[in-house]
Each structure stands twice: as C-alpha cells, then as structure tokens.
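All of these numbers come straight from a predicted model, not from anything done at the bench. All heavy atoms count here, side chains included; hydrogens, waters and symmetry mates do not. Positions are given from 1, in the same order as the sequence printed here.
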Amino acid sequence: MTVVGPFGLSVRDQALEADVQAGLAAVEEGLLDATKSDVPFITEAAQHLVRAGGKRFRPLLVMLAAQFGDPFAPGVVPSAVVVELTHLATLYHDDVMDEAEVRRGVDSANARWGNSVAVLTGDFLFSRASHILADLGPEAVRIQAEAFERLVTGQILETAGPRDGRDPIEHYLDVIAGKTGSLIAVAGRYGAMMSGADERTVDILTHYGERLGTAFQLADDVLDIASDSHESGKTPGTDLREGIPTLPVLHLRARAAATGSPADLRLCELLDGDLADDALHGEVLRQLRAHPALEQARRDTVRYAQEARAILAPLPECYAKSALEDLCDAVVHRAG
C-alpha cells in the first residue's frame with residue numbers, strides 16, 4: 001500500500017495510485033493558477049493558505065469518486081479545484097469570525113494582514129471558483145449554489161444557537177451537516193458526475209460524502225481538545241477559547257444537566273469563564289482531555305464514519321471502493 005496525498009490515505013493498487021496522484025498534482029497546479037492576480041499583493045494573500053498545504057481531503061474524494069466513471073474526463077480536475085477553492089475561502093472567513101491566529105501551521109491571513117484583507121481574499125477565491133464553474137455547466141453551478149446556501153445556513157444557525165426546546169446536540173449536528181457535510185458531499189457528487197458515472201452511483205457518493213463530512217468535522221472537534229498544534233495545524237482549544245460549542249463540550253453540558261455532578265457543573269462554569277486567560281484555558285483543556293465527554297465524541301465520530309462506509313455497500317467491489325472505505329478509517333484515526 002502507498003500513502004497518497006497529505007491526508008495519508010493508503011492505496012492498494014498501483015494504477016489507482018497513479019491516477020489519484022496525477023489528479024491531485026493537477027489540482028495543485030489549478031489552485032495556483034486560479035489564485036493568481038494581476039495585483040501581486042492579491043496573489044500573495046490568495047495563495048497564502050494554498051502554499052501552506054493542507055489535507056486536500058475534498059480533492060482526494062473527487063478523484064476517488066471519479067474512478068466510477070472516466071477519471072480523466074475534462075471536468076474532474078476543475079471541479080476538484082472549485083471545491084477546494086470554496087473550502088479555502090471559508091477558512092479565510094472562519095478565521096476572521098473566530099479571531100484565529102494560526103491556520104495550517106502558519107499565521108492566519110487575518111493575523112497577518114487584518115480582517116478586511118482576509119474577508120476580501122475569501123471573496124476573491126469565491127469569485128475564482130465561480131469563474132471555473134461557469135465552464136462546467138449550469139447543473140454544476142446549481143449544485144454549488146445549493147451547497148453554498150447550506151454552508152452559509154449552517155454558519156448562521158451556529159451563530160444564532162438552538163431555538164428554545166431544541167436539543168443542542170441535534171442542533172449542532174444539523175449545523176455541521178451544513179457547514180462541512182454539504183461541501184464534502186459536493187466533492188463526491190462532482191467526482192462521480194463529471195466522470196460520467198450513472199445516476200445511482202452519483203447519489204450514493206453524494207450521501208457518502210455528506211456522512212463522511214460530518215465524521216470529519218467531529219474528528220476535528222476531538223482534535224481541537226486532544227491534539228497539540230503540530231498535529232492539528234492550529235492552536236489547541238481555539239474553539240474553546242472562542243466559545244464555539246463543539247461536540248465534546250455539548251456532551252459535557254448534557255451530562256452535567258442530567259446528573260448534576262458537581263465536578264461537571266464546575267467544569268461548565270470554567271468553560272463559561274474568561275478563556276483568554278492562558279492558565280484557565282490550559283486547565284479546561286486538561287480536564288476535558290480526561291473527561292468521558294471526549295470519549296463520547298470519539299464514539300459519535302466512529303458511528304458517522306461507519307454509516308458512511310455502509311452507504312458504499314451497493315457499489316461494485318473495486319480498489320476505489322476499498323479506498324473510500326479506508327478513508328472512513330482514516331477519519332476515525334484522526335480522532336484517536
């Protein structure tokens with residue numbers, strides 16, 4: 001088996017490996033080309049996160065999904081570039097909203113150039129993605145528009161919080177289905193659709209991507225608490241510091257409300273304190289890392305990954321299907 005891409009997927013077939021490697025290399029070229037501007041400063045800002053690397057999880061999924069049709073079809077690589085550009089644009093915006101200082105092991109764009117430049121650079125990337133989409137046809141444009149609506153809706157729902165009487169965990173899972181699952185679903189859909197796969201296969205890979213996307217975000221939630229900055233590429237506990245209610249925290253709060261445990265209630269009080277204080281932030285991280293709520297979040301990650309794997313069952317047995325199944329395992333592995 002050979003490791004393919006920064007995400008670290010092991011591929012069991014040399015021909016598949018060659019196809020995926022070639023596709024990902026073409027996507028890198030496409031990303032650099034799409035982020036060039038006649039204004040050198042815009043190029044520098046737009047390529048800041050491209051050159052910082054990343055897992056390229058979404059382009060990888062496009063390449064694997066394309067194996068169920070013609071992986072060399074002309075729309076496959078451009079559609080992968082579109083999905084990654086859209087993802088990168090959301091990172092620029094997210095870092096402004098979260099006041100993040102580090103992304104992918106480098107200074108965030110907002111920390112380096114300020115919020116205005118970061119927001120406008122994200123907008124620039126969205127415009128370049130739209131330009132590429134225009135050549136892929138109206139159906140591709142419609143799919144992207146629907147996914148983008150879901151993505152923004154998820155962000156708004158996260159900001160607004162759950163309505164009265166709504167289970168915060170159910171609300172959160174809806175949020176990440178929109179914020180993360182929708183775009184990863186598009187990666188599976190574009191790969192299959194652009195390669196000419198049949199409608200049933202396109203549908204399977206779309207739903208697989210949605211479920212896998214949720215597992216992927218839940219793994220990130222676990223990493224935000226359990227990892228160090230070397231593993232995650234960003235400062236540990238960033239979501240905690242910004243008051244973002246990730247799944248481990250929601251499980252903690254649910255457990256505290258259900259049991260009335262003094263220790264859990266005290267930890268909830270600490271979470272509601274000023275986590276800009278490094279000592280308090282470090283203490284909260286330490287306690288959460290040892291808390292059953294973190295293990296519950298890991299179990300939820302495994303469940304969604306298993307559901308994604310089960311969706312693949314109707315597809316014919318092949319190396320590409322095995323790689324997609326292994327991708328489920330890789331997501332779970334990130335969560336420990």
Gln296 side chain to Arg299 side chain, donor-acceptor N/O pair below 3.5 angstrom: yes
Those residues that, when tested against Phe72, pass ring-ring contact (aromatic ring centres under 6.0 Å, His included) (two or more places apart): none
Using modelled atom types only, decide if a donor and an acceptor are shared between the side chain of Arg58 and the backbone of Glu84 within a distance under 3.5 Å. no
Sub-4.5 Å side-chain heavy-atom contact between Pro314 and Ile204: yes
So Glu44 and Arg112, salt bridge (charged side-chain N to carboxylate O under 4.0 Å, His left out) or not? Walk me through it. CA-CA 12 Å; Glu44 181 185 4; Arg112 184 166 180 176; 3.3 Å; yes
For Pro168, what residues pass the side-chain contact (heavy atoms from CB on, under 4.5 Å) criterion, not counting sequence neighbours? Pro162, Leu250
Please tell me whether Tyr172 and Asp221 have a donor and an acceptor in their side chains that are separated by less than 3.5 angstrom. yes
Counting neighbours of NE2 on His171 that are heavy atoms of other residues, nucleotides or ligands and sit closer than 6.0 Å, is the number greater than 12? yes
Closest approach of Thr86 and Ala129, non-hydrogen atoms and distance? OG1-CB, 4.0 Å
Roughly how far apart are Glu283 CD and Leu270 CG, rounded to 0.5 Å? 7.0 Å
Before accepting this row, confirm whether a basic side-chain N of the pair Arg241/Asp224 lies closer than 4.0 Å to the acidic partner's carboxylate O. no
Under the salt bridge (charged side-chain N to carboxylate O under 4.0 Å, His left out) test, residues paired with Arg142 that sit two or more places apart: Glu139, Glu146
Show every donor-acceptor pair shorter than 3.5 Å between a side-chain atom in residues 181-190 and any protein atom, with sequence neighbours excluded, or say none if there are none.
{"from": "Ser182", "atom 1": "OG", "to": "Gly178", "atom 2": "O", "distance (Å)": "2.5"}
{"from": "Tyr190", "atom 1": "OH", "to": "Ala140", "atom 2": "O", "distance (Å)": "2.7"}

Full working for side chain to side chain contact (heavy atoms under 4.5 Å, CB included) between Arg128 and Val81: CA-CA 10 Å; Arg128 288 300 176 90; Val81 173; over 6 Å; no
Here the pair of heavy atoms bringing Lys321 nearest to Pro316 is CD-O, 3.4 Å
For His291, check side-chain contact (heavy atoms from CB on, under 4.5 Å) against everything at least two apart and list the hits. Leu252, Arg255, Asp264, Leu267, Ala293
Working to the nearest 0.5 angstrom, can you tell me the gap between Ile311 CD1 and Tyr208 OH? 9.5 Å
Say whether, by atom type as modelled, one donor and one acceptor occur between the side chain of Arg289 and the main chain of Ser227 under 3.5 angstrom. yes
Side chains of Leu324 and Leu205: closer than 4.5 Å at any heavy-atom pair? yes
Holding to ring-ring contact (aromatic ring centres under 6.0 Å, His included), I want the full list of residues that pass it with His87, two or more places apart in sequence or in another chain. none
The criterion is side-chain contact (heavy atoms from CB on, under 4.5 Å); which residues satisfy it with Glu149, sequence neighbours excluded? Thr153
Taking side chain to side chain donor-acceptor pair (under 3.5 Å) as the test, write out the residues that go with Gln47, two or more places apart. Thr35, Arg51
Ignoring hydrogens and angles, tell me if any N or O in the side chain of Thr43 forms a donor-acceptor pair with the backbone of Ser37 under 3.5 Å. yes
Could you tell me if the side chain of Val20 sits less than 4.5 Å from the side chain of Leu64, heavy atoms only? yes
ring-ring contact (aromatic ring centres under 6.0 Å, His included) contacts touching residues 27-53 (sequence neighbours left out): Phe41-Trp113, His48-Trp113
Tell me, which pairs form a ring-ring contact (aromatic ring centres under 6.0 Å, His included) where one or both residues lie in residues 119-168, sequence neighbours left out? His93-Phe126, Phe126-Phe148
Do you know which of Leu133, Asp135, Ile132 makes side-chain contact (heavy atoms from CB on, under 4.5 Å) with Pro78? Ile132
Single-linkage hydrophobic cluster Ile156~Leu173, side-chain heavy atoms < 4.5 angstrom: no
Between CG on residue Asp94 and OG on residue Ser108, distance to nearest 0.5 Å: 11.5 Å
What distance do Leu16 atom CG and Met63 atom CE have between them, rounded to the nearest 0.5 Å? 12.0 Å
OG1/Thr246 to CG/Asp220 distance, rounded to the nearest 0.5 angstrom? 10.5 Å
Note: Asp272-Arg253 ion pair, threshold 4.0 Å (strictly below): yes
To the nearest 0.5 angstrom, please state how far the CG atom of Leu294 sits from the CG atom of Leu247. 9.5 Å
Are Thr206 and Asp203 close enough that a side-chain donor and a side-chain acceptor fall under 3.5 Å? no
Hydrophobic cluster identity match, Met194 and Leu61, side-chain contacts under 4.5 Å: yes
Glu269: partners by side-chain contact (heavy atoms from CB on, under 4.5 Å), with sequence neighbours left out: Arg266
Determine whether Phe216 and Leu212 fall in the same hydrophobic cluster, where Ile, Leu, Val, Met, Phe, Trp and Tyr are linked whenever their side-chain heavy atoms lie under 4.5 Å apart. yes
Applying the 4.5 Å side-chain criterion to the ILVMFWY set and letting contacts propagate, would Leu32 and Leu60 be lumped into a single cluster? yes
For residues 150-174, the salt bridge (Lys or Arg N to Asp or Glu O under 4.0 Å) pairs (sequence neighbours left out) are Arg150-Glu210, Glu158-Lys179, Arg166-Glu170, Arg166-Asp174
Is it the case that the side chain of Arg298 and the backbone of Val222 share a donor-acceptor pair, with hydrogens and angles ignored and the cut-off at 3.5 Å? no
